[in-house]
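To start, the structure itself, in C-alpha coordinates.
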Amino acid sequence: DLVFNEILADPAVDDGEYIEIVNVSDKILETSGLSISSLTVNQYDTSWSTAVLSGVLLFPGDYVAFTPSKIQVLKVYQSEKPENIVSLESFPSLPNSFGMLVLHESAHKIKFIDYMTYSEEMHYGLLKDTKGVSLEKILLNGGNDASNWHSAASVVNYGTPGYKNSQYLDEGTSTSAFELSPAIFSPDNDGFDDVLQINYKMDEAGYQLNVKIFDSRGREIIHLIENELLGTEGSLVWDGQDMNHEKAAMGIYILYFEYFDLQGNVKSEKLTTVLGGRL
(Lines give C-alpha, C1' and ligand atoms only; values in the text may rest on other atoms or scores of the structure.)
Protein backbone atom coordinates (compact mmCIF):
# COMPACT_ATOMS: atom_id res chain seq x y z
CA ASP A 1 0.00 0.00 0.00
CA LEU A 2 2.90 2.36 0.76
CA VAL A 3 6.13 2.07 -1.24
CA PHE A 4 9.42 3.89 -1.62
CA ASN A 5 9.29 6.16 -4.66
CA GLU A 6 12.31 8.47 -4.62
CA ILE A 7 15.63 8.61 -2.75
CA LEU A 8 18.15 11.44 -2.52
CA ALA A 9 21.13 10.14 -0.56
CA ASP A 10 23.84 12.54 -1.75
CA PRO A 11 22.32 16.04 -1.53
CA ALA A 12 23.76 19.21 -3.00
CA VAL A 13 23.23 21.06 0.31
CA ASP A 14 23.55 20.06 3.96
CA ASP A 15 20.44 18.32 5.35
CA GLY A 16 18.97 18.25 1.84
CA GLU A 17 18.51 14.49 1.55
CA TYR A 18 15.00 13.05 1.38
CA ILE A 19 13.05 9.81 1.14
CA GLU A 20 9.70 9.84 -0.64
CA ILE A 21 6.89 7.33 -0.31
CA VAL A 22 3.62 7.07 -2.25
CA ASN A 23 0.22 5.55 -1.55
CA VAL A 24 -0.37 2.99 -4.34
CA SER A 25 -3.59 1.64 -2.80
CA ASP A 26 -7.20 2.74 -3.20
CA LYS A 27 -7.41 3.50 0.54
CA ILE A 28 -6.78 6.61 2.63
CA LEU A 29 -3.70 5.89 4.74
CA GLU A 30 -1.84 7.63 7.57
CA THR A 31 1.86 7.49 8.35
CA SER A 32 1.74 7.78 12.14
CA GLY A 33 3.00 4.58 13.73
CA LEU A 34 5.46 4.00 10.89
CA SER A 35 9.22 4.43 10.69
CA ILE A 36 11.94 4.41 8.04
CA SER A 37 15.21 2.74 8.93
CA SER A 38 18.56 2.58 7.22
CA LEU A 39 20.33 -0.73 7.89
CA THR A 40 24.05 -1.35 8.16
CA VAL A 41 24.90 -5.05 8.00
CA ASN A 42 28.28 -6.57 8.83
CA GLN A 43 29.51 -9.96 10.02
CA TYR A 44 29.07 -8.99 13.65
CA ASP A 45 25.84 -7.05 13.84
CA THR A 46 23.03 -5.20 12.05
CA SER A 47 22.60 -1.60 13.15
CA TRP A 48 19.46 0.44 12.57
CA SER A 49 19.32 4.19 11.99
CA THR A 50 15.65 5.00 12.42
CA ALA A 51 13.32 7.95 11.90
CA VAL A 52 9.81 7.87 13.34
CA LEU A 53 7.43 9.40 10.79
CA SER A 54 5.06 12.19 11.68
CA GLY A 55 1.40 11.66 10.92
CA VAL A 56 0.56 12.52 7.30
CA LEU A 57 -2.77 11.66 5.67
CA LEU A 58 -2.27 10.13 2.21
CA PHE A 59 -5.12 9.75 -0.25
CA PRO A 60 -4.72 7.25 -3.13
CA GLY A 61 -1.85 8.40 -5.33
CA ASP A 62 -0.53 10.93 -2.81
CA TYR A 63 3.19 11.48 -2.27
CA VAL A 64 5.13 12.59 0.80
CA ALA A 65 8.87 13.29 1.00
CA PHE A 66 10.50 13.15 4.43
CA THR A 67 13.68 15.15 4.99
CA PRO A 68 15.82 16.65 7.77
CA SER A 69 15.08 20.13 6.39
CA LYS A 70 12.27 21.18 4.06
CA ILE A 71 13.91 24.60 3.73
CA GLN A 72 17.14 23.05 2.43
CA VAL A 73 15.31 20.85 -0.06
CA LEU A 74 13.37 23.80 -1.46
CA LYS A 75 16.61 25.72 -1.95
CA VAL A 76 17.48 23.21 -4.68
CA TYR A 77 14.20 21.86 -6.07
CA GLN A 78 11.13 23.79 -7.17
CA SER A 79 8.54 21.28 -6.01
CA GLU A 80 5.07 21.33 -7.54
CA LYS A 81 3.71 20.28 -4.14
CA PRO A 82 5.90 21.80 -1.41
CA GLU A 83 3.20 20.98 1.14
CA ASN A 84 4.08 17.31 0.56
CA ILE A 85 7.61 17.80 1.92
CA VAL A 86 7.82 17.13 5.66
CA SER A 87 10.74 17.82 7.99
CA LEU A 88 11.66 15.27 10.67
CA GLU A 89 13.62 15.99 13.84
CA SER A 90 15.60 12.77 13.37
CA PHE A 91 16.48 11.21 10.02
CA PRO A 92 18.12 7.91 9.10
CA SER A 93 21.72 7.93 7.92
CA LEU A 94 21.89 7.61 4.13
CA PRO A 95 25.32 6.52 2.84
CA ASN A 96 26.05 8.01 -0.58
CA SER A 97 27.35 4.90 -2.33
CA PHE A 98 25.12 2.10 -1.03
CA GLY A 99 22.29 1.69 1.43
CA MET A 100 19.41 -0.47 2.61
CA LEU A 101 16.07 1.09 3.55
CA VAL A 102 13.08 -0.39 5.35
CA LEU A 103 9.61 1.11 5.81
CA HIS A 104 8.14 -0.64 8.85
CA GLU A 105 5.83 -0.39 11.82
CA SER A 106 7.47 1.62 14.59
CA ALA A 107 6.45 -0.87 17.26
CA HIS A 108 7.48 -3.96 15.26
CA LYS A 109 10.67 -3.62 13.24
CA ILE A 110 10.20 -6.99 11.59
CA LYS A 111 6.85 -5.95 10.12
CA PHE A 112 8.20 -4.63 6.84
CA ILE A 113 5.93 -2.59 4.57
CA ASP A 114 8.57 -1.98 1.89
CA TYR A 115 12.28 -2.73 1.56
CA MET A 116 14.91 -1.66 -0.96
CA THR A 117 18.62 -1.32 -1.57
CA TYR A 118 20.09 1.56 -3.54
CA SER A 119 23.55 2.28 -4.92
CA GLU A 120 25.41 4.83 -7.02
CA GLU A 121 25.46 2.30 -9.87
CA MET A 122 21.69 2.72 -10.27
CA HIS A 123 22.22 6.23 -11.66
CA TYR A 124 22.20 7.04 -15.37
CA GLY A 125 25.57 5.94 -16.74
CA LEU A 126 26.41 9.16 -18.61
CA LEU A 127 26.05 11.43 -15.59
CA LYS A 128 29.49 12.69 -14.60
CA ASP A 129 28.38 13.80 -11.14
CA THR A 130 25.42 12.42 -9.16
CA LYS A 131 25.57 14.85 -6.21
CA GLY A 132 22.11 16.33 -5.86
CA VAL A 133 20.59 13.76 -8.23
CA SER A 134 17.75 11.66 -6.83
CA LEU A 135 16.84 8.11 -7.80
CA GLU A 136 13.23 7.82 -8.96
CA LYS A 137 11.01 4.79 -9.38
CA ILE A 138 9.81 4.31 -12.97
CA LEU A 139 6.76 2.03 -12.49
CA LEU A 140 5.02 2.48 -9.14
CA ASN A 141 4.08 -1.21 -8.99
CA GLY A 142 7.27 -2.43 -10.64
CA GLY A 143 9.10 -3.35 -7.44
CA ASN A 144 12.50 -2.20 -6.20
CA ASP A 145 14.79 -3.99 -8.61
CA ALA A 146 17.54 -1.66 -9.86
CA SER A 147 16.08 -1.74 -13.39
CA ASN A 148 12.95 0.02 -12.09
CA TRP A 149 14.91 3.03 -10.80
CA HIS A 150 16.49 5.87 -12.74
CA SER A 151 18.17 9.22 -12.16
CA ALA A 152 15.73 12.12 -12.10
CA ALA A 153 15.73 14.26 -15.22
CA SER A 154 17.82 17.38 -15.69
CA VAL A 155 14.70 19.33 -16.73
CA VAL A 156 13.50 19.19 -13.08
CA ASN A 157 16.99 19.92 -11.70
CA TYR A 158 17.34 16.21 -10.88
CA GLY A 159 14.68 15.87 -8.21
CA THR A 160 10.88 15.82 -7.75
CA PRO A 161 10.23 15.81 -3.99
CA GLY A 162 6.55 15.58 -3.08
CA TYR A 163 5.11 15.05 -6.55
CA LYS A 164 5.09 12.71 -9.58
CA ASN A 165 8.50 11.50 -10.72
CA SER A 166 10.08 12.89 -13.87
CA GLN A 167 10.82 9.29 -14.89
CA TYR A 168 7.32 7.98 -14.10
CA LEU A 169 5.70 5.68 -16.66
CA ASP A 170 2.09 4.54 -16.81
CA GLU A 171 1.70 0.78 -17.01
CA GLY A 172 1.56 -0.22 -20.65
CA THR A 173 3.04 2.99 -22.08
CA SER A 174 4.49 2.03 -25.47
CA THR A 175 4.70 5.08 -27.70
CA SER A 176 7.10 7.96 -28.05
CA ALA A 177 6.06 11.22 -29.64
CA PHE A 178 6.63 14.94 -29.82
CA GLU A 179 3.78 17.38 -30.28
CA LEU A 180 3.92 21.08 -31.07
CA SER A 181 1.46 23.68 -29.84
CA PRO A 182 0.23 25.96 -31.31
CA ALA A 183 0.58 25.15 -35.02
CA ILE A 184 1.39 28.83 -35.69
CA PHE A 185 3.09 30.98 -33.05
CA SER A 186 4.00 34.65 -33.10
CA PRO A 187 6.79 35.76 -30.71
CA ASP A 188 5.76 39.41 -30.59
CA ASN A 189 5.18 39.62 -26.82
CA ASP A 190 1.47 40.38 -27.16
CA GLY A 191 0.55 37.64 -24.71
CA PHE A 192 -1.00 35.41 -27.37
CA ASP A 193 0.87 32.36 -28.74
CA ASP A 194 4.24 33.98 -28.03
CA VAL A 195 6.15 30.70 -27.68
CA LEU A 196 6.14 27.30 -29.30
CA GLN A 197 5.47 24.56 -26.76
CA ILE A 198 7.10 21.20 -27.45
CA ASN A 199 5.39 18.39 -25.53
CA TYR A 200 6.98 14.98 -25.32
CA LYS A 201 6.10 11.55 -23.96
CA MET A 202 8.79 8.88 -24.15
CA ASP A 203 8.34 5.11 -24.17
CA GLU A 204 10.97 4.55 -21.46
CA ALA A 205 13.27 6.42 -19.12
CA GLY A 206 16.83 7.40 -19.88
CA TYR A 207 16.74 9.18 -23.24
CA GLN A 208 19.02 12.10 -24.02
CA LEU A 209 17.71 14.62 -26.51
CA ASN A 210 19.08 16.93 -29.15
CA VAL A 211 16.80 19.40 -30.92
CA LYS A 212 17.91 21.44 -33.93
CA ILE A 213 15.72 23.92 -35.78
CA PHE A 214 16.14 24.60 -39.50
CA ASP A 215 14.48 27.08 -41.84
CA SER A 216 12.68 26.03 -45.03
CA ARG A 217 15.97 26.18 -46.99
CA GLY A 218 17.65 23.74 -44.63
CA ARG A 219 19.84 26.24 -42.79
CA GLU A 220 20.32 25.59 -39.07
CA ILE A 221 18.74 28.40 -37.06
CA ILE A 222 19.50 27.20 -33.54
CA HIS A 223 20.62 24.11 -31.62
CA LEU A 224 17.79 24.40 -29.11
CA ILE A 225 18.48 21.40 -26.86
CA GLU A 226 21.84 19.67 -26.53
CA ASN A 227 22.24 16.27 -24.84
CA GLU A 228 19.58 16.92 -22.21
CA LEU A 229 18.46 14.01 -20.02
CA LEU A 230 14.70 13.80 -20.36
CA GLY A 231 11.97 12.68 -18.05
CA THR A 232 9.38 10.30 -19.44
CA GLU A 233 7.13 13.23 -20.25
CA GLY A 234 7.32 16.99 -20.15
CA SER A 235 7.51 20.19 -22.17
CA LEU A 236 10.13 22.39 -23.78
CA VAL A 237 9.73 25.79 -25.45
CA TRP A 238 11.16 27.77 -28.35
CA ASP A 239 10.75 31.52 -28.08
CA GLY A 240 11.47 32.16 -31.76
CA GLN A 241 15.04 33.36 -31.29
CA ASP A 242 17.94 32.17 -33.42
CA MET A 243 21.47 31.31 -32.32
CA ASN A 244 22.35 35.04 -32.27
CA HIS A 245 19.47 35.77 -29.86
CA GLU A 246 17.58 37.60 -32.59
CA LYS A 247 14.00 36.99 -33.62
CA ALA A 248 13.86 34.52 -36.50
CA ALA A 249 12.12 35.60 -39.69
CA MET A 250 8.52 34.67 -40.36
CA GLY A 251 8.15 31.39 -42.19
CA ILE A 252 8.14 27.60 -41.94
CA TYR A 253 10.61 25.88 -39.63
CA ILE A 254 11.61 22.26 -39.23
CA LEU A 255 12.34 20.82 -35.78
CA TYR A 256 14.66 17.81 -35.88
CA PHE A 257 14.59 15.60 -32.79
CA GLU A 258 17.31 13.02 -32.17
CA TYR A 259 17.21 11.01 -28.96
CA PHE A 260 19.25 8.06 -27.77
CA ASP A 261 19.70 5.74 -24.79
CA LEU A 262 22.67 4.03 -23.15
CA GLN A 263 22.17 0.91 -25.25
CA GLY A 264 22.95 2.88 -28.38
CA ASN A 265 19.38 3.00 -29.67
CA VAL A 266 18.92 6.20 -31.66
CA LYS A 267 15.57 7.57 -32.79
CA SER A 268 14.71 10.69 -34.74
CA GLU A 269 11.64 12.66 -35.76
CA LYS A 270 10.90 15.80 -37.77
CA LEU A 271 8.04 18.23 -37.19
CA THR A 272 7.20 21.56 -38.77
CA THR A 273 5.89 24.79 -37.31
CA VAL A 274 5.09 28.26 -38.62
CA LEU A 275 6.51 31.41 -37.09
CA GLY A 276 4.04 34.17 -37.85
CA GLY A 277 3.57 37.81 -37.00
CA ARG A 278 2.14 41.11 -38.08
CA LEU A 279 3.04 42.37 -41.55
Next on the checklist: Under the criterion side chain to side chain donor-acceptor pair (under 3.5 Å), I'd like the reasoning laid out for Gln241 against Asp239: C-alpha separation, chi angles, the key distance, then a yes or no.
Outcome noted: CA-CA 6 Å; Gln241 293 189 51; Asp239 61 4; 3.0 Å; yes
So does [X] have more than 12 non-hydrogen atoms from other groups sitting under 6.0 Å from [atom1]?
X      : atom1 : value
Leu127 : CG    : yes
Phe59  : CZ    : no
Leu271 : CG    : yes
Glu105 : CD    : yes
Lys270 : NZ    : no
Asn244 : CG    : yes
Glu89  : CD    : no

If you take all heavy atoms of [X] and [Y], which pair is closest and at what distance?
X      : Y      : result
Pro95  : Ser38  : CD-OG, 4.2 Å
Val102 : Tyr115 : CG2-CD1, 3.5 Å
Ala153 : Ser166 : N-OG, 3.0 Å
Pro60  : Asp26  : CG-C, 3.6 Å
Ile254 : Asp215 : CD1-O, 4.2 Å
Trp149 : Asp145 : CD1-O, 3.3 Å

Next on the checklist: Donor-acceptor check, side chain of Lys70 to backbone of Pro82, threshold 3.5 angstrom: yes or no?
Outcome noted: yes
Next on the checklist: Can a donor-acceptor pair be found, under 3.5 Å and without considering hydrogens, that links the side chain of Asn265 to the backbone of Phe260?
Outcome noted: no
Next on the checklist: With side chain to side chain contact (heavy atoms under 4.5 Å, CB included) as the criterion, how do Arg217 and Ile252 come out once you've worked through the C-alpha distance, each side chain's angles and the decisive distance to 0.1 Å?
Outcome noted: CA-CA 9 Å; Arg217 297 175 62 184; Ile252 298 173; over 6 Å; no
Is a side-chain donor-acceptor pair under 3.5 Å present for [Y] with [X]?
X      : Y      : value
Asn165 : Gln167 : no
Glu6   : Ser134 : yes
Asn144 : Lys137 : yes
Ser235 : Asn199 : yes
Thr50  : Ser37  : yes
Tyr259 : Glu269 : yes
Glu136 : Thr160 : yes
Ser35  : Ser106 : yes

hydrophobic_cluster_shared for [Y] and [X], side chain cutoff 4.5 Å:
X      : Y      : answer
Val274 : Leu236 : no
Leu88  : Leu2   : yes
Ile7   : Leu229 : no
Phe112 : Met100 : yes

Side-chain atoms of residues 220-228: list all donor-acceptor pairs with protein atoms under 3.5 Å, sequence neighbours left out, distances to 0.1 Å.
| unit_1 | atom_1 | unit_2 | atom_2 | d |
| --- | --- | --- | --- | --- |
| His223 | NE2 | Asn210 | OD1 | 3.3 |
| His223 | NE2 | Ile225 | O | 3.1 |
| Asn227 | OD1 | Asn210 | ND2 | 3.0 |

Next on the checklist: Parallel, tilted or perpendicular, judged at 30° and 60°: which one describes the rings of His104 and Trp48?
Outcome noted: perpendicular
For the atom pair [atom1] ([X]) and [atom2] ([Y]), what is the distance rounded to the nearest 0.5 Å?
X      : Y      : atom1 : atom2 : result
Leu103 : Ile113 : CG    : CD1   : 4.5 Å
Asp14  : Ser69  : CG    : OG    : 10.0 Å
Leu53  : Thr31  : CG    : OG1   : 5.5 Å
Phe178 : Tyr200 : CZ    : OH    : 8.5 Å
Glu258 : Leu209 : CD    : CG    : 9.0 Å
Leu39  : Ser93  : CG    : OG    : 11.5 Å

Checklist entry - Given a cutoff of under 4.5 Å between side-chain heavy atoms of I, L, V, M, F, W and Y, with clusters grown through shared members, what are the other residues clustered with Tyr18? => result Leu8, Val13, Val73, Leu74, Val76, Tyr77, Ile85
Student check: side-chain heavy atoms of [X] and [Y] closer than 4.5 Å:
X      : Y      : answer
Glu20  : Thr67  : no
Asp62  : Val22  : no
Leu94  : Ile19  : yes
Met122 : Thr130 : no
Leu101 : Phe4   : yes
Asp114 : Val3   : yes
Ser54  : Val86  : yes
Leu255 : Leu196 : yes

Next on the checklist: Filter on side chain to side chain donor-acceptor pair (under 3.5 Å), then keep only pairs touching residues 116-126, sequence neighbours left out; what's left?
Outcome noted: Ser119-Glu121, His123-Ser151, Tyr124-Gln208
Next on the checklist: Quick test of your reading: applying side chain to side chain donor-acceptor pair (under 3.5 Å), list the pairs with at least one residue in residues 78-88, sequence neighbours left out, ordered by first then second residue.
Outcome noted: none
Next on the checklist: Aromatic contact between Tyr63 and Tyr163, with the criterion being ring centroids under 6.0 Å apart: yes or no?
Outcome noted: no
Item to check | Aromatic centroids of Tyr253 and Phe185 separated by under 6.0 Å | outcome: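 Phe185 vs Tyr253: aromatic centres not under 6.0 Å.
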Item to check | Thr273/Leu275 under side chain to side chain contact (heavy atoms under 4.5 Å, CB included): CA gap, chis, key distance, verdict | outcome: CA-CA 7 Å; Thr273 188; Leu275 193 158; over 6 Å; no
Next on the checklist: Could you walk me through whether Leu139 and Tyr168 satisfy the side chain to side chain contact (heavy atoms under 4.5 Å, CB included) test, starting with their C-alpha distance in whole Å, then the side-chain angles of each, then the deciding distance to 0.1 Å, before giving a yes or no?
Outcome noted: CA-CA 6 Å; Leu139 297 170; Tyr168 169 87; over 6 Å; no
Item to check | Counterpart residues, salt bridge (Lys or Arg N to Asp or Glu O under 4.0 Å), relative to Asp1 (two or more places apart) | outcome: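 Salt bridge (Lys or Arg N to Asp or Glu O under 4.0 Å) check on Asp1 returns Lys27.
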Item to check | Contacts of Thr272 that satisfy side-chain hydrogen bond (donor to acceptor under 3.5 Å, both in side chains) - sequence neighbours left out | outcome: none
Next on the checklist: Using the rule given for side chain to side chain contact (heavy atoms under 4.5 Å, CB included), can you reason through Val56 versus Leu58, listing the C-alpha separation, both sets of side-chain angles and the distance that settles it, and then say yes or no?
Outcome noted: CA-CA 6 Å; Val56 177; Leu58 295 176; 4.0 Å; yes
